[in-house]
Structure formats: structure tokens, C-alpha cells
Amino acid sequence: MTTPMTGAPTALNVLRSERVKFTTLPSQWLAPLVAVALTVGIAAAVNAAYGEADHTPGEDPSNGIFYGLLFGHVAVACHGVLLIGQEFNTRMISVSLTAVPRRGLLYGGKLALGIGLGLLMGLASTAGSFLVVAATTGLDFSTPGLARAFTAGVLYHPLLVVLCLGLTAMLRNFSAALGLLVPMVFLGTTWLAAIPGVREAGQFLPDRAGLYATRTQPDPGIHYGHWSGLLIMALWAAAAAYGGLRAMRRYTV
């Protein structure tokens, strides 16, 4: 669905149009809800199972907070794909480009919406997970590195949305993007990190680097710091966003 525009479309008009698409298509607004529910729900279940005696699963206190993110970020990836992939799948992208001939403006509107929704998802998921862990273990922000891990957890969501949106625009195919990105985020990089021959390279993949930024403890097997991990993921997201822009400008209606 594309809202009618009078005169030359502006950035605000395009953003409003993208918001209308998001709110009227259940497949788009359900994905963020599932992401938050999975992340917080699994974190709550795991921490309830471990109880106060065992605290959080693992020595790093952030493991308990972000354990649910290992499952919830699949829904976040789906959300990034759906923001643009659904229009390619239904050919409605041609209608959108007719309404907004400036492809960079249309693409920028989708990115802006994705970043905004990603920040909301990140804040809701990270704050919710922190609260359920704090209620079980008494964890608070005085723990060294926890404030930084919390910030990284919030920012991980919009970065993943931008990465998936940009790659979907490059592929121009909803099914291909969903079939490639979701298994890769959920299983692929975890498998790669377990293979000795490619483990060194695997730690520089976007989701691995971003998830490492959510840890409070250093890992001697990782060749960069926590903030550097978030920067690596941001560079991947920026490259995907740029690639998506190039693909949109070359797309033939």
C-alpha cells in the first residue's frame, strides 16, 4: 500500500508512507513483536530455570541477559528482509517507485523506518531481558562493563535490520534473502565459529562481532575489543546499506 502524494515527494512524506505500509501489513509489524517476545521470554525462562543459586548461564553475567537474543535476532533479521523484500516479491516496488521516482529517497525512507523500529526493538528487548535477570539474580548496572553491553544490545538490533534490508535490496528477491539470511544468522556463523580452520575469519562476521560487543568479559580467542566488535558490525551494515542503494538505483521497473 502506498499513500498518495501531491507534488514532489519529500523525505517526511516518504517516511509517513513507509509507516503506513508497516502498520497496515501484519507480516511486517508481527516480526518486531515476535523478536521482543522471543528475546525476553527465553531470557526469563532460562534465568528462572537456573535460579538464584546458579545465577546466569555461564561466567559472564551478560550471558543471562542476551541468551534470548540468540533466538530473537532471527525475527529481527526477518523484519529487515520484510521491510523491502515483500515489495519485490509482490512487484509492488514498481508502484512505490512510480510514486517516489527518486530511488535514494524511497530507499532512505525504508532505512530510516528500519533504524527507528530497530532501536525500539533493541530497547524493549534489552531492557526487558535485563529486568527479568535483575529480578532473579539482583544484577545491576554497577557490574563492570554492563552499561556498555546494554548499549551494544540496543544498537545490535538496528544494525542487523539495516544489514538485512540492504542485502535484500541487493538480491531483489524476498525468498532468496529469507532463505539465505535467516539460516546464516541462526546457524551458519555458529557452525563456522566451531570449525577450527575458519574460526579466525568467522569472528569477523557481523552477527558474531555484534554479539561479542554484548559481553562484559574479554575472550582471549577474539582479536578485537567489545566496542570494536560493534564497529565491525556497523561497517558490515554500512556496506550492505550502500550496496542496497546501488542496487535500487539500477533497478529497472
Side-chain angles (χ1 to χ4, degrees), residues 1-5 8-35 72-121 157-189 205-207 233-253:
M1 177 180 179
T2 303
T3 55
M5 299 180 186
T10 65
L12 184 58
N13 286 337
V14 171
L15 186 56
R16 285 174 177 167
S17 177
E18 293 302 317
R19 178 185 59 80
V20 170
K21 295 176 190 176
F22 169 75
T23 56
T24 54
L25 292 172
S27 58
Q28 290 201 13
W29 56 259
L30 278 174
L33 294 179
V34 171
H73 70 173
V74 178
V76 177
C78 289
H79 172 62
V81 172
L82 285 166
L83 280 176
I84 193 170
Q86 201 166 38
E87 290 190 58
F88 280 112
N89 190 51
T90 60
R91 302 296 183 184
M92 286 298 294
I93 191 69
S94 299
V95 178
S96 297
L97 288 172
T98 300
V100 187
R102 292 172 57 190
R103 295 162 186 240
L105 184 60
L106 176 65
Y107 183 68
K110 293 182 181 297
L111 280 177
L113 179 67
I115 291 170
L117 293 170
L119 284 171
L120 289 175
M121 279 191 289
H157 292 72
L159 289 176
L160 184 58
V161 170
V162 170
L163 176 71
C164 293
L165 193 155
L167 289 174
T168 304
M170 293 168 66
L171 292 170
R172 303 175 188 172
N173 187 292
F174 170 80
S175 300
L178 206 60
L180 173 66
L181 289 172
V182 173
M184 193 63 188
V185 168
F186 190 47
L187 295 173
T189 56
L205 291 172
D207 64 310
M233 187 179 187
L235 291 174
W236 276 97
Y242 177 71
L245 176 62
R246 293 286 301 271
M248 284 289 289
R249 286 176 172 169
R250 294 176 181 176
Y251 181 74
T252 303
V253 177

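- Contact of the Glu18 side chain with the Leu83 side chain is not registered, since no non-hydrogen atoms from C-beta on lie closer than 4.5 Å.
- When all heavy atoms of Pro9 and Leu105 are compared, the pair lying nearest together is O-CD2, 3.5 Å.
- The nearest pair of heavy atoms linking Ala31 to His79 is CB-CB, 3.9 Å.
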Would you tabulate the side-chain donor-acceptor contacts of residues 163-173 under 3.5 Å, counting partners in other chains and residues two or more places apart, or write 'none'?
residue: Thr168; atom: OG1; partner: Cys164; partner atom: O; Å: 2.6
residue: Arg172; atom: NH2; partner: Ala247; partner atom: O; Å: 2.9
residue: Asn173; atom: OD1; partner: Ser175; partner atom: N; Å: 3.0
residue: Asn173; atom: OD1; partner: Ala176; partner atom: N; Å: 2.8

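- Gln28 pairs by the side chain to side chain donor-acceptor pair (under 3.5 Å) definition with nothing, not counting sequence neighbours.
- Residue Ala241 comes nearest to Val162 through the heavy atom pair CB-CG1, 3.9 Å, listed as atom of the first residue, atom of the second, then distance.
- Taken from OG in Ser96 to OH in Tyr107, the straight-line distance is 14.5 Å, to the nearest 0.5 Å.
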Give the intermediate values and the outcome of side-chain contact (heavy atoms from CB on, under 4.5 Å) for residues Leu82 and Phe174.
CA-CA 7 Å; Leu82 285 166; Phe174 170 80; 3.3 Å; yes
From CA spacing to verdict: side-chain contact (heavy atoms from CB on, under 4.5 Å), Phe22, Lys110:
CA-CA 10 Å; Phe22 169 75; Lys110 293 182 181 297; over 6 Å; no
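- For the pair Leu113 and Leu15, the minimum side-chain heavy-atom distance is below 4.5 Å.
- Counting all heavy atoms, side chain and backbone alike, Thr24 lies closest to Pro26 at O-CD, 3.4 Å.
- For the atom pair CG (Asp207) and CH2 (Trp236), the distance works out to 10.0 Å, reported to the nearest 0.5 Å.
- Legend: residues meeting side chain to side chain donor-acceptor pair (under 3.5 Å) with Arg102, ordered by chain and number and at least two apart, are absent.
- Rounded to the nearest 0.5 angstrom, His73 NE2 and Leu160 CG are separated by 7.5 Å.
- The shortest heavy-atom contact between Cys78 and Leu178 is SG-CD1, 3.9 Å.
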Checking side-chain contact (heavy atoms from CB on, under 4.5 Å) for the pair Lys21/Gln86: CA distance, chi angles, key distance, verdict?
CA-CA 11 Å; Lys21 295 176 190 176; Gln86 201 166 38; over 6 Å; no
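- For the pair Met248/Leu97, a side-chain contact is recorded, criterion being any heavy-atom separation below 4.5 Å from C-beta on.
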Between Leu120 and His157, does the side-chain contact (heavy atoms from CB on, under 4.5 Å) criterion hold? Intermediate values first, please.
CA-CA 9 Å; Leu120 289 175; His157 292 72; over 6 Å; no
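- Among all heavy-atom pairs drawn from Val161 and Gly118, the shortest one is CG2-CA, 4.3 Å.
- Of the inter-residue distances, the one linking Thr98 atom OG1 with Ile93 atom CD1 reads 10.0 Å to the nearest 0.5 angstrom.
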